[in-house]
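Written out below as structure tokens is the structure these notes cover.
This one's a predicted model, so the numbers in the text were calculated from it and none came from an experiment.
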Amino acid sequence: QVQLVESGGGLVQAGGSLRLSCAASGRTITTNIMGWFRQAPGKQREFVAAIRWSGSITYYADSVKGRFTISRDNAKNTVFLQMNSLKPEDTALYYCAAKRFYSDYDVEEKYGYWGQGTQVTVSS
């Protein structure tokens, strides 16, 4: 089993920044890719970004490219999501997730481990 704990959410004004963290524990060796998803009220959960534990490959949704940056600290088994130039439409519950295989990195159903989520609210 893998446990994921997110932190760093909060309330920020439009144009501001937040940095989310996701600490992984347990059998993290069974996971090769970490993802961030978000779910706004009344909407389906959507892919935001993903990163491989090894190498430098990252993936982003078009809606966050150029504003969000995903990174990792392998020594601490922690993944980060730096969010800049935040917009009110970025308001959502942000989830960290983990999976074994690199394919389908943007498909929610392919992730087997999830955190509890951290709320991000961007005011206009």
Side-chain angles (χ1 to χ4, degrees):
Q1 292 293 322
V2 175
Q3 294 78 43
L4 303 174
V5 179
E6 304 98 332
S7 61
L11 173 64
V12 65
Q13 288 188 330
S17 299
L18 280 176
R19 188 193 197 204
L20 306 183
S21 299
C22 173
S25 61
R27 289 179 54 82
T28 57
I29 195 172
T30 64
T31 63
N32 291 302
I33 190 165
M34 300 290 292
W36 284 98
F37 288 75
R38 66 186 181 186
Q39 187 168 21
K43 294 187 177 181
Q44 290 188 330
R45 191 152 52 183
E46 64 175 2
F47 169 75
V48 176
I51 188 169
R52 299 185 180 189
W53 277 120
S54 62
S56 58
I57 295 178
T58 57
Y59 311 92
Y60 294 95
D62 288 343
S63 59
V64 306
K65 278 181 183 176
R67 299 188 299 123
F68 291 10
T69 301
I70 189 169
S71 62
R72 66 179 194 272
D73 182 336
N74 289 47
K76 297 182 179 180
N77 284 339
T78 300
V79 174
F80 305 99
L81 186 67
Q82 177 66 44
M83 305 185 295
N84 298 329
S85 302
L86 282 162
K87 306 175 182 180
E89 50 264 43
D90 293 318
T91 295
L93 189 59
Y94 282 71
Y95 296 91
C96 176
K99 65 193 294 290
R100 170 172 289 187
F101 300 108
Y102 293 143
S103 60
D104 299 320
Y105 57 84
D106 57 349
V107 179
E108 173 187 355
E109 292 77 10
K110 298 297 185 179
Y111 284 80
Y113 303 103
W114 292 86
Q116 81 288 351
T118 184
Q119 179 67 38
V120 172
T121 303
V122 184
S123 63
S124 57

Atom of [X], atom of [Y] and distance for their closest heavy-atom approach:
X	Y	value
T31	T28	OG1-O, 2.8 Å
A49	I70	C-CD1, 3.9 Å
M34	A98	SD-CB, 3.4 Å
Y111	D104	CE1-O, 4.3 Å
R38	S63	NH2-OG, 3.6 Å
S17	S85	OG-N, 4.4 Å

Got a second to check how far [X]'s [atom1] is from [Y]'s [atom2], nearest 0.5 Å?
X	Y	atom1	atom2	value
N32	I51	CG	CD1	13.0 Å
S21	Q82	OG	CD	9.5 Å
R45	W114	CZ	CH2	4.0 Å
Y113	R100	OH	CZ	7.5 Å
I33	R52	CD1	CZ	6.0 Å
L93	K43	CG	NZ	14.5 Å

Indicate, with yes or no, if Y60 and W53 share a hydrophobic cluster defined by side-chain heavy-atom contacts under 4.5 Å among Ile, Leu, Val, Met, Phe, Trp and Tyr.
->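 The answer is yes; both residues are in one hydrophobic cluster.
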Check the hydrophobic clustering (I, L, V, M, F, W, Y; side-chain heavy atoms under 4.5 Å; chains of links allowed) and say if Y102 and Y105 are grouped together.
-> yes
Chi angles and distances behind the side chain to side chain contact (heavy atoms under 4.5 Å, CB included) call for T91, Q119 | CA-CA 8 Å; T91 295; Q119 179 67 38; 4.1 Å; yes
Quick one: does L20's side chain get under 4.5 Å of W36's, heavy atoms only?
->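 Sidechains of W36 and L20: in contact.
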What do the steps show when you test V12 against M83 for side chain to side chain contact (heavy atoms under 4.5 Å, CB included), and what is the final call?
-> CA-CA 11 Å; V12 65; M83 305 185 295; over 6 Å; no
Among F47, Y95, Y94, find the one that has a ring pair (Phe, Tyr, Trp, His ring centres under 6.0 Å) with F37.
->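 Running ring pair (Phe, Tyr, Trp, His ring centres under 6.0 Å) over F47, Y95, Y94 with F37 returns exactly one hit, F47.
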Short question: side chain of E6, backbone of T118 - any donor-acceptor pair under 3.5 Å?
->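 Checking the backbone N and O of T118 against the side chain of E6, no donor-acceptor pair under 3.5 Å is found.
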Under a 4.0 Å N-O cut-off, is there an ion pair linking D90 with K87?
-> no
Does Q1 CD have over 12 foreign heavy atoms under 6.0 Å away?
->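 Open: at most 12 neighbouring heavy atoms sit under 6.0 Å from CD of Q1.
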